[in-house]
2 protein chains.
Amino acid sequence: MAGQNNRNSFYKILVVDDESAIRRFLSTVLSNDEFLLHEAESGNAGLAAAATVRPDVILLDLGLPDLDGIEVIRRIREWSQVPIIVLSVREREDDKVAALDAGADDYLTKPFGVGELMARIRAALRRSQQDVPEPVFSSGNLQVDFPRRLVSVDGQEVQLTPTEYDLLRLLVTHVGKVMTHSQILKQIWGVAYLEQPHVLRVNISNLRRKIETDPSRPQHIITEPGVGYRLKTY
Amino acid sequence: MAGQNNRNSFYKILVVDDESAIRRFLSTVLSNDEFLLHEAESGNAGLAAAATVRPDVILLDLGLPDLDGIEVIRRIREWSQVPIIVLSVREREDDKVAALDAGADDYLTKPFGVGELMARIRAALRRSQQDVPEPVFSSGNLQVDFPRRLVSVDGQEVQLTPTEYDLLRLLVTHVGKVMTHSQILKQIWGVAYLEQPHVLRVNISNLRRKIETDPSRPQHIITEPGVGYRLKTY
DNA sequence: GCCAGGCTTGACACTTTCTTGACGTCTGTT
DNA sequence: AACAGACGTCAAGAAAGTGTCAAGCCTGGC
């Protein structure tokens with residue numbers, strides 16, 4: 001449960017600290033198959049990286065050479081709600097209050113335990129991952145709701161088999177582009193089926209029967225003769 | 001900006017601590033025109049208060065007479081995302097990690113500065129200005145009361161085993177979405193059971209017998225063949 | 001140590017999905 | 001107009017997935 005990554009990808013962590021020793025230390029303890037580290041060694045570099053990298057968490061040192069850390073927090077908060085965890089040697093209460101009120105999410109005083117840092121990172125990620133908008137594909141009368149794995153035509157829910165859904169998802173994720181027969185066969189049935197283009201035709205047919213208003217005149221899944229199929233947008 | 005209350009009303013803070021001295025201290029420092037304090041002096045009283053009071057923040061001591069604080073966090077997290085700030089004398093890193101991973105948002109070691117506590121409360125409130133979900137789920141003739149762990153069908157209380165309740169809760173918390181077999185197995189039985197999809201089927205069957213009017217025609221727990229299960233809304 | 005409830009496991013019947021082959025249709029070319 | 005090649009449809013058997021029952025095991029409470 002703890003620290004589990006449901007996203008099929010790395011969480012990006014941005015470390016903003018001018019001491020390379022700290023950056024190297026964090027790099028060793030945090031670089032694993034869950035986190036991907038980016039580094040910045042000044043406030044301005046950090047601000048730039050926050051915008052370009054779009055990290056999931058920012059670890060920020062307050063004592064930076066160019067900008068004050070508090071200022072960095074404020075500037076980021078002008079446009080982003082990304083969790084900011086302050087790592088600082090300053091242990092005065094005023095510093096903590098100032099950083100937290102400027103928009104920081106958490107404040108750790110150096111030296112800190114690695115386990116605690118990682119637990120606080122996980123806590124911050126858990127909170128911020130709660131409300132991610134759901135990507136729903138829509139084209140004409142066809143709707144594909146990926147998180148719900150729901151396909152509907154004219155608002156009516158349609159029941160797809162696993163293979164049909166995979167096939168539709170493949171076309172949707174490459175909407176507009178032609179997917180060749182071999183690309184589709186490889187992705188869905190595996191290389192062993194490259195010589196069996198028949199299964200593809202059968203499944204396209206079944207899929208069309210379910211999502212096309214008139215399967216003999218496909219609106220969505222267009223045949224590109226001799227090449228493959230293409231999902232048309234509306 | 002800092003500490004400003006945009007809601008035309010008090011923020012409700014629930015203090016769960018068995019030492020009346022601490023409660024009185026927090027009451028003095030936090031009771032002002034911004035916060036309204038509620039108090040509970042045991043874990044069970046805290047759980048009950050969390051459900052009835054619906055606080056905006058919970059300040060939780062780990063050393064409670066009846067339940068372990070970690071368990072209190074877990075039980076609250078079963079149905080609520082309310083920010084939980086742990087106040088504890090335990091300063092071992094393991095305690096912090098356990099509390100944070102159980103679902104706590106922050107962890108302060110006693111003694112702490114009042115200013116820091118208030119800043120961390122403000123930070124937690126700032127983040128959680130989202131609407132709190134109802135602690136009771138209702139769909140058709142099915143009702144799940146999370147704080148009380150009570151399930152009823154047609155107003156009639158239904159007795160579920162712990163596993164069945166966990167399973168139902170998982171589906172309810174992801175209502176509408178398809179939970180794949182592996183997601184469910186991982187969450188409830190652990191990764192070791194990924195190759196044992198049979199236990200899942202048996203439990204789904206048992207659960208259906210208890211909550212479905214006609215278990216052979218499920219209204220709530222829908223099978224998505226080859227993929228998983230999904231709780232339908234009405 | 002016994003009992004009750006809950007969990008796991010296996011057997012088996014049932015349902016859905018996948019694969020395969022036969023055949024029909026379309027399109028562009030000669 | 002006939003043909004070739006590619007594409008689409010249908011249906012039946014095979015395979016995979018799913019639901020149910022019940023026996024045995026484990027565990028915690030008494």
Side-chain angles (χ1 to χ4, degrees), chain A residues 149 151 157-171 178-185 187-231, chain B residues 149 151 157-171 178-185 187-231:
Chain A
R149 200 191 175 273
V151 179
E157 222 173 276
V158 173
Q159 196 84 8
L160 297 189
T161 72
T163 315
E164 287 161 4
Y165 182 81
D166 287 346
L167 183 52
L168 179 59
R169 196 184 34 173
L170 185 65
L171 292 172
V178 178
M179 297 295 291
T180 67
H181 299 139
S182 43
Q183 280 179 319
I184 300 175
L185 285 165
Q187 291 260 350
I188 298 192
W189 284 273
V191 281
Y193 280 74
L194 273 179
E195 309 301 315
Q196 305 270 352
H198 187 47
V199 288
L200 176 53
R201 283 195 225 106
V202 173
N203 275 276
I204 288 282
S205 171
N206 292 336
L207 191 50
R208 276 179 177 153
R209 187 179 320 131
K210 291 183 180 177
I211 68 170
E212 297 281 5
T213 314
D214 180 359
S216 61
R217 265 174 248 281
Q219 301 283 300
H220 299 291
I221 302 179
I222 309 297
T223 302
E224 298 285 347
V227 187
Y229 298 93
R230 180 167 59 89
L231 196 80
Chain B
R149 286 173 166 254
V151 179
E157 197 176 311
V158 175
Q159 200 74 17
L160 297 190
T161 71
T163 314
E164 286 162 4
Y165 179 80
D166 286 346
L167 183 53
L168 179 59
R169 181 162 56 82
L170 185 65
L171 291 172
V178 175
M179 296 298 289
T180 66
H181 300 136
S182 44
Q183 280 178 320
I184 301 175
L185 286 166
Q187 294 257 354
I188 298 195
W189 283 273
V191 281
Y193 279 75
L194 272 179
E195 309 301 315
Q196 304 274 348
H198 188 48
V199 288
L200 174 54
R201 282 190 230 113
V202 174
N203 274 276
I204 288 282
S205 173
N206 292 337
L207 191 49
R208 276 179 178 153
R209 189 177 316 130
K210 292 182 180 178
I211 68 170
E212 298 281 5
T213 313
D214 179 0
S216 61
R217 263 169 232 280
Q219 300 285 299
H220 299 291
I221 302 178
I222 308 297
T223 301
E224 297 284 345
V227 186
Y229 299 93
R230 170 171 130 246
L231 197 82

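Here the structure is a predicted model, which is why all the values come from computation and not from measurement. Every chain is numbered from 1 and lettered A, B, ... according to where its sequence line falls, protein lines coming before strand lines.
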Taking only the side-chain nitrogens and oxygens of A:T223, find out if one of them lies under 4.0 Å from OP1 or OP2 of D:dC7.
no
Any sub-3.5 Å donor-acceptor pair from B:K210's side-chain atoms to B:L160's backbone N or O?
no
For the side chain of A:Y193, counting heavy atoms from C-beta on, which of C:dC18, C:dC7, C:dT19 is nearest?
C:dT19
At under 4.0 Å, does any side-chain N or O of A:T161 touch on OP1 or OP2 of C:dC18?
yes
We want to know whether B:T223 and B:R208 form a side-chain donor-acceptor pair, criterion being a heavy-atom distance below 3.5 angstrom.
yes
Pairwise 5' ranking along DNA chain C for B:W189 and A:Q159, keeping only the more 5' one:
B:W189
In whole Å, I'd like the distance from the CG atom of A:N206 to the P atom of C:dC18.
9 Å
Whole-Å gap separating C1' (C:dC26) and CZ (A:R217):
12 Å
B:L160 CG to C:dG5 C1', straight-line distance once rounded to whole Å:
14 Å
What nucleic acid atoms does B:P162 come within less than 4.0 Å of, heavy atoms only: base, sugar-phosphate, or nothing?
sugar-phosphate
Let me know, please, whether A:V202 or A:K210 comes out on the 5' side of the other along DNA chain C by nearest nucleotide.
A:K210
Is it true that a side-chain atom of B:E212 and a backbone atom of B:H220 form a donor plus acceptor pair closer than 3.5 Å?
yes
Any idea which of C:dT16, C:dT9, C:dT20 is nearest the B:H198 side chain?
C:dT9
A:N203 CG to D:dA11 P, straight-line distance once rounded to whole Å
17 Å
Nearest-Å distance, CZ (A:R208) to P (D:dG8)?
5 Å
Between D:dC10 (C1') and A:R201 (CZ): distance, integer Å:
15 Å
Separation of B:I222 atom CD1 from C:dT16 atom C1', in whole Å?
16 Å
Rounded to whole Å, please give me the gap between CD in A:Q196 and P in D:dG8.
17 Å
Expected output: side-chain B:E157 to main-chain B:V151 donor-acceptor under 3.5 Å
no
Please compare B:H181 and A:V227 by the position of their nearest nucleotide in DNA chain D and report the one closer to 5'.
A:V227
Does B:Y229 place a side-chain N or O at less than 4.0 Å from the phosphate oxygens OP1/OP2 of D:dG17?
no
Using the closest heavy atom to pick a nucleotide of DNA chain D for each, name whichever of A:R209 or A:G226 lands nearer the 5' end.
A:G226
Shortest non-hydrogen separation from B:L171 to B:Y229 and the atoms involved:
CD2-O, 4.2 Å
